[in-house]
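Letters A, B, ... are given to chains in the order of the sequence lines, protein chains preceding strands, and every chain is numbered from 1.
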Amino acid sequence: MSSKESKNFIELIIESDLAEGKFPEGIKTRFPPEPNGYLHIGHAKSIVLNFGLTQKYKGTTNLRFDDTNPETESTEYVESIKRDIKWLGYDWEEREYYTSDYFDQLYDFATKLIRGGLAYVDDSNTETIQSQKGAVGQAGTESPYRNRSVEENLDLFERMKAGEFQEGSRVLRAKIDMASPNMHMRDPVIYRIKRMPHHRTGSRWNIYPMYDFAHGQSDSIEEITHSLCTLEFENHRPLYNWLIEKLGIYPSRQIEFARLNLNYTVMSKRKLLLLVQKGLVSGWDDPRMPTISGMRNRGYSPASIRAFCERVGIAKRDNVIDMSLLEFCVREDLNKIADRRMAVLDPVKLIIENYPEGQEEWLPAENNPEDDSAGSRELPFSKELYIEREDFMEDPPKKFFRLAPGRNVRLKHAYILHCTGFERDEKGRLTEVRATYYPDSRSGSDISGIKAKGTLHWVSAKHAAEGVVHMYDRLFKVPEPLADKNVDFLEYFNEESHRIIKGVKLEPSLTEAQSLQPFQFLRKGYFVRNTIEHNGLPVFNMTVGLRDSWKK
RNA sequence: AGACCCAUGGUGUAAUUGGCAACACAGCAGAUUUUGGUUCUGUAAUUCUAGGUUCGAGUCCUAGUGGGUCUACCA
């Protein structure tokens, strides 16, 4: 593929493992989402990493739903997650697993710990357990229930499972070290009572394992060789390893990397949820959201997201990626695959004075200059056209290449024009531009010898289709809305992040566009057909603008 | 201020593991262009600080500084 052969630290670890002959059967990774929300670009980084690694080296990646908290999880999320992963272009084949499928094994693991004197049932309430936890620089105190007999613990745990106790009345704790400088080792809770139906196991269970007693064990059950997670789990690793060691199960290895942050947006599920709940966005799949579903509606291609995730790299230091890198990746891909079309977003009438009344001709136009196989289409041309309001200036600066009195300009795929005049209404608003055309300057057969500095896009007034365009901008007004802990990030919400433009003039072929089909609107940017219409009119979402090196 | 982790141009990520600090994005300048797009060329800008080891340190050691994570019956 590319010539750069630089490896990230995880690849280095894997290569060294492989060199030692550790995994003759190949490596195994997993992508372990909790089905309690939608996937975002940060998850995409993890998906691309996990699946990418097993594609590059030999191996397999499991999809595992980490569903140990029935309170927040649902099959609706399971479905959306599966859809997003597939859309990104990854296939977990038959390896679709659920932590809830391991509940029996996990229960056995817990009893094994109890029998080994390494876990105990604690009758203390939440507050007591919290206060006994101690503080960062100071040891905790041991629970009075810490030294119950194995028999009593077994009996109590069995009855917790049987549903004999109320929620919150008892927990199972690992017996480790209340004085450990690592808070996670101070007798962590590993099972809690929850009388609540689970999306897969129904009401079969009254107790559910905690993350620390489910994730690592599931990795082990699946014989995951490299369990990749984000930095905040670094402090959990000693516990992860302790449990594997005491249980004597497959030694999966946890490796942490820095999560993805993007400027001008937020990445946490909780904060994204807040935007939805406050009605600041239309939903999880709003095109402004950094969710996979939002980006899909925005028109980002799977290939561009994958390319982006590969370019950001994998390391352990906190990072904030420039939105411009994402936009670059999107343009890079769309430039190659998006058919060109013409659409006038802010139309003003252009009259070609010397073009015969009633005449029309159909001009050939290539669909994509970057791809000959994309073919061409025909564009209707006539005496009255629409051009972009901003493409005319009465008194232009020297570097303005567009229409102005007395100036020439090329109409893309058509003729060269000479601007002869314009009209404004009483409020000074431009209502019409007038010009003459050079009949022998037609694109492809230009023998006029006239040169024009600029080229404009246009749409024939008579043939134009009407449409609606949704313009999008960054979600927040500042690069790092979370940087100042004294300011609520919602205060930085960009009220102008969504703008609806009506009365857009579209070239006729655009009415046949497929839902989510990407286009480049010439000189404007990349757009996709929205999945829904607006009063019967086609709607297009702006994905990203074209790079614009014309600064005034 | 207990433990753990991190520190390389504006932003990210590399550096054959101790041997001339590079790649991408962004910026700037120019060429090409029937999209002010694409493409191409050029350009500026980098090893947190102080010691130490070494012929040689971005890399190893010590201390400091700065930042992150951790005290949920969430994951």
Visitor: Hey, does A:R331 reach any base, or is it just sugar-phosphate, or nothing, if we go heavy atoms under 4.0 Å?
Guide: nothing

Visitor: Considering only the P atoms, how many Å lie between B:C48 and B:U8, rounded to the nearest integer?
Guide: 6 Å

Visitor: Is a donor-acceptor contact shorter than 3.5 angstrom present between the side chain of A:R317 and the base of B:G67?
Guide: no

Visitor: What is the pairing partner of B:C70, taking Watson-Crick or G-U wobble pairs with both distances under 3.5 Å in any strand?
Guide: B:G2

Visitor: Heavy atoms only, 4.0 Å cut-off, all strands: where does A:Y208 land among base, sugar-phosphate and nothing?
Guide: nothing

Visitor: If you measure from the Lys or Arg side-chain nitrogens to the Asp or Glu carboxylate oxygens, is any gap between A:R30 and A:E222 under 4.0 Å?
Guide: no

Visitor: Is B:U17 in the syn or the anti form, by the rule that syn lies within 90° of 0?
Guide: syn

Visitor: Look at the side-chain N and O atoms of A:R340 and state whether any lies under 4.0 Å from the OP1 or OP2 oxygen of B:G37.
Guide: no

Visitor: Determine the Euclidean distance between corresponding P atoms of B:U59 and B:G51; express it in Å to zero decimal places.
Guide: 14 Å

Visitor: Using Watson-Crick or G-U wobble geometry with both distances under 3.5 Å, which nucleotide pairs with B:A24?
Guide: B:U11

Visitor: Report yes or no: is there a donor-acceptor pair, N or O only, under 3.5 Å between the side chain of A:Q520 and the base of B:U35?
Guide: yes

Visitor: Students often get this wrong, so: under 4.0 angstrom with heavy atoms, is A:G444 touching a base, only sugar-phosphate, or nothing?
Guide: base

Visitor: Pick the P atom in B:C23 and in B:C40, then give their distance to the nearest Å.
Guide: 15 Å

Visitor: Check every strand shown and say whether A:T99 touches a base, only sugar-phosphate, or nothing at a heavy-atom separation below 4.0 Å.
Guide: nothing

Visitor: Under 30°, 30 to 60°, or over 60°: which ring-plane class applies to A:Y97 and A:Y102, parallel, tilted or perpendicular?
Guide: tilted

Visitor: When rounded to the nearest Å, what value does the distance between C1' atoms of B:G9 and B:C28 take?
Guide: 15 Å

Visitor: Within this structure, what is the CG-to-P distance between A:N335 and B:U39, rounded to whole angstrom?
Guide: 6 Å

Visitor: Looking at A:Q130, I'd like to know whether one of its side-chain N or O atoms comes within less than 4.0 Å of OP1 or OP2 on B:C73.
Guide: yes

Visitor: Are the aromatic rings of A:F233 and A:Y240 close, with centres under 6.0 Å apart?
Guide: no

Visitor: Please give the nucleotide sitting opposite B:G51 as a Watson-Crick or G-U wobble pair, both distances under 3.5 Å, or none.
Guide: B:C61

Visitor: Distance check, P atoms only: B:A57 and B:A3, in whole angstrom units.
Guide: 32 Å

Visitor: Using the C1' atom as the reference point in each nucleotide, state the distance between B:A26 and B:A45 in Å, no decimals.
Guide: 12 Å

Visitor: Between A:H413 and A:D322, which residue's closest nucleotide on RNA chain B lies nearer the 5′ terminus?
Guide: A:D322

Visitor: Centre-to-centre under 6.0 Å for A:Y98 and A:F65, is that the case here?
Guide: yes

Visitor: How is A:I416 classified with respect to the nucleic acid when contacts are heavy atoms under 4.0 Å: base, sugar-phosphate, or nothing?
Guide: nothing

Visitor: At under 4.0 Å between heavy atoms, what does A:T455 touch on the DNA or RNA strands: base, sugar-phosphate, or nothing?
Guide: sugar-phosphate

Visitor: Identify which one of A:R410, A:K524, A:R402 satisfies the salt bridge (charged side-chain N to carboxylate O under 4.0 Å, His left out) criterion when paired with A:D391.
Guide: A:R402

Visitor: Decide yes or no, distance alone: a donor-acceptor N/O pair under 3.5 angstrom between the base of B:U35 and the side-chain of A:R523.
Guide: no

Visitor: Give A:L12 one of three labels, base, sugar-phosphate or nothing, depending on what nucleic acid heavy atoms sit under 4.0 Å from its own.
Guide: base

Visitor: With heavy atoms under 4.0 Å as the rule, sort A:F328 into base, sugar-phosphate or nothing.
Guide: sugar-phosphate

Visitor: Closest-nucleotide mapping onto RNA chain B: is A:G313 or A:L326 further toward the 5' terminus? I mean the 5' end.
Guide: A:G313

Visitor: Report the base-pairing partner of B:G56 (Watson-Crick or G-U wobble, both distances below 3.5 angstrom), or none.
Guide: none

Visitor: B:U69 base to A:N235 side chain: any donor-acceptor pair below 3.5 Å?
Guide: yes

Visitor: Determine the contact category for A:T68: base if any of its heavy atoms lies under 4.0 Å from a base atom, sugar-phosphate if only primed atoms, P, OP1 or OP2 are that close, otherwise nothing.
Guide: sugar-phosphate

Visitor: Judged by modelled atom types alone, do A:Y300 and A:E327 share a side-chain donor-acceptor pair under 3.5 Å?
Guide: no

Visitor: Taking any heavy-atom pair under 4.0 Å as a contact, classify A:H184: base, sugar-phosphate, or nothing.
Guide: sugar-phosphate

Visitor: Hey, does A:N69 reach any base, or is it just sugar-phosphate, or nothing, if we go heavy atoms under 4.0 Å?
Guide: sugar-phosphate

Visitor: Can you tell me the Watson-Crick or wobble partner of B:A29, both distances under 3.5 angstrom?
Guide: B:U41

Visitor: Between A:N182 and A:S180, is there a side-chain donor-acceptor contact under 3.5 Å, judged purely by atom types and distance?
Guide: no

Visitor: Report yes if a side-chain nitrogen or oxygen of A:R237 is closer than 4.0 Å to either non-bridging phosphate oxygen (OP1 or OP2) of B:C5; otherwise report no.
Guide: no

Visitor: So for A:E370 and B:G37, does any side-chain atom that can act as donor or acceptor lie under 3.5 Å from a complementary atom in the base?
Guide: yes

Visitor: Pick the C1' atom in B:G18 and in B:U47, then give their distance to the nearest Å.
Guide: 15 Å

Visitor: Applying a 4.0 Å non-hydrogen cut-off, can you work out what A:R442 is touching in the nucleic acid: base, sugar-phosphate, or nothing?
Guide: base

Visitor: Salt bridge check: are A:R523 and A:E388 linked by an N-O gap of less than 4.0 Å?
Guide: no

Visitor: Quick one: label A:L231 by what it contacts on the DNA or RNA (base, sugar-phosphate, nothing), any heavy atom closer than 4.0 Å.
Guide: nothing

Visitor: Centres of the A:F381 and A:Y355 rings: under 6.0 Å?
Guide: yes

Visitor: Do any side-chain nitrogens or oxygens of A:S549 fall under 4.0 Å of OP1 or OP2 in B:G37?
Guide: yes

Visitor: When all nucleic acid strands are considered with a 4.0 Å heavy-atom cut-off, which category describes A:K194: base, sugar-phosphate, or nothing?
Guide: sugar-phosphate

Visitor: Looking only at side-chain N and O atoms, does A:S6 come under 4.0 Å of OP1 or OP2 in B:C23?
Guide: no

Visitor: What distance, rounded to whole Å, do you find between the two P atoms, one in B:G56 and one in B:A21?
Guide: 16 Å

Visitor: If the cut-off is 4.0 Å, is A:K485 near the phosphate of B:G68, judged by side-chain N/O to OP1 or OP2?
Guide: yes

Visitor: Please determine, for B:G18, whether a Watson-Crick or G-U wobble partner exists with both distances under 3.5 Å, and give it or none.
Guide: none

